Amino acid sequence: MKTLTLTLITTLALASPIDLYLEELAAQAKAKDPNFSGFSAKRGEQIFTSYHIGKRGKRIACISCHTKDLTKPGENIFTGKKIEPLSPKANPKRLQDIKNVKKWLRRNFKDVYKREGTPQEKGDVLLYIINQGG
Amino acid sequence: MKKSILLLAAISLFAADTIFQKLFSPKEPTLYQKECGSCHFAYQPQLLPKRSWQKMMANLEDHFGTDATLDPSDHKTIAAYLYANAADVRPKGEMSEMALSMPKDKTLLRITELPKFKKEHRKIPERYIEQKAVKSLSNCAACHRDAKRGLYEEENILIPGYGRWED
């Protein structure tokens, strides 16, 4: 019992916000599909780099604004506003504010896919982003 | 005696530095600037009348073609800020003047469609607007170098690839 409590406390203490969010998403994904066996950066790459007819009726992908190289700055294709690199390895501020992460996942899935991402899709994309660069 | 003087000097310097920092540090971006300025220039609330801001805030799912929805608490805070400082609520200065040129029977969402805005920008050659450094008339800060401070006078205009503008 003591060991378990200690492990739990240690995990909570050491887990970064994004790890906790990924655990949350994994639980949601498992609830939706009992066969869920973990997130995949490969699936995430597919989600992030593929083009679709988006909200504005035009072909768009995540990389349209973020570019293929997440260690470099991107640019909002509609307004020209500079977007800081998305890779946490290049930009340590990324994926620290989970409220922010949830907001942008919601908005940008809707921009490209015209719907919210499923828990699995969100986890896949986040794993892909975490692994970029370095 | 010496020790006390040194200690006093140290404390005074520290206090002075803290006060100096508070007075002259760049202000923390407001929630509006942080949220709405993340994709485009954070247009000052005085640039549109209240009814325009209300219409905009009620339709963030389709904000000029993009999803710009906020969490309920942030939505409330930003809406309150915009409505309290809208052109017709706080009519003061050039920005409100421009906003109030909107016909009373219309609720325009684009600042670039305001009659006074169109008038002020009508003589600019297309190529200076379409160039990569500017892209469109919605990109105020590209030419209005003090736009972030709400200053849009002629003296502060520097068009990329052109220079100062004199009408």
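Values reported hereafter were calculated over all heavy atoms of this structure, with side chains retained and with hydrogens, waters and symmetry mates removed. Bear in mind the structure is a predicted one, so any value in this text is a computation, not a measurement. Order of the sequence lines fixes the chain letters, A, B, ..., with proteins taken first and strands second; residue numbering starts at 1 for each chain.
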Relative to chain B, which segment of A:Glu84 carries a heavy atom at a distance below 4.5 Å: side chain, backbone, both, or neither?
neither
Exam field: side chain B:Asn85 to backbone B:Arg90, donor-acceptor pair closer than 3.5 Å
no
Please examine the side chains of A:Tyr21 and A:Leu95, heavy atoms only from C-beta on, and report whether any two atoms are closer than 4.5 Å.
no
Proximal component of A:Lys102, with respect to chain B [non-hydrogen, under 4.5 Å]
neither
For the pair A:Lys81 (side chain) and B:Gly37 (backbone), establish whether a donor and an acceptor sit closer than 3.5 Å, ignoring hydrogens and angles.
yes
Portion of A:Ile60 that has a non-hydrogen atom of chain B nearer than 4.5 angstrom:
neither
Heavy atoms of other groups near B:Glu166 CD, more than 12 under 6.0 Å:
no
Under the salt bridge (charged side-chain N to carboxylate O under 4.0 Å, His left out) test against B:Asp67, which residue among A:Lys114, A:Arg56, A:Lys110 passes?
A:Lys110
Answer yes or no: is there an ion pair linking A:Lys103 with B:Asp74, defined by an N-O contact shorter than 4.0 Å?
no
Keeping the roles fixed (side chain from A:Lys30, backbone from A:Pro34), state whether a donor-acceptor pair exists under 3.5 Å.
yes
Using only non-hydrogen atoms and a strict under-4.5 angstrom cutoff, which residues of residues 110-138 of chain B touch chain A?
B:Lys132, B:Lys135
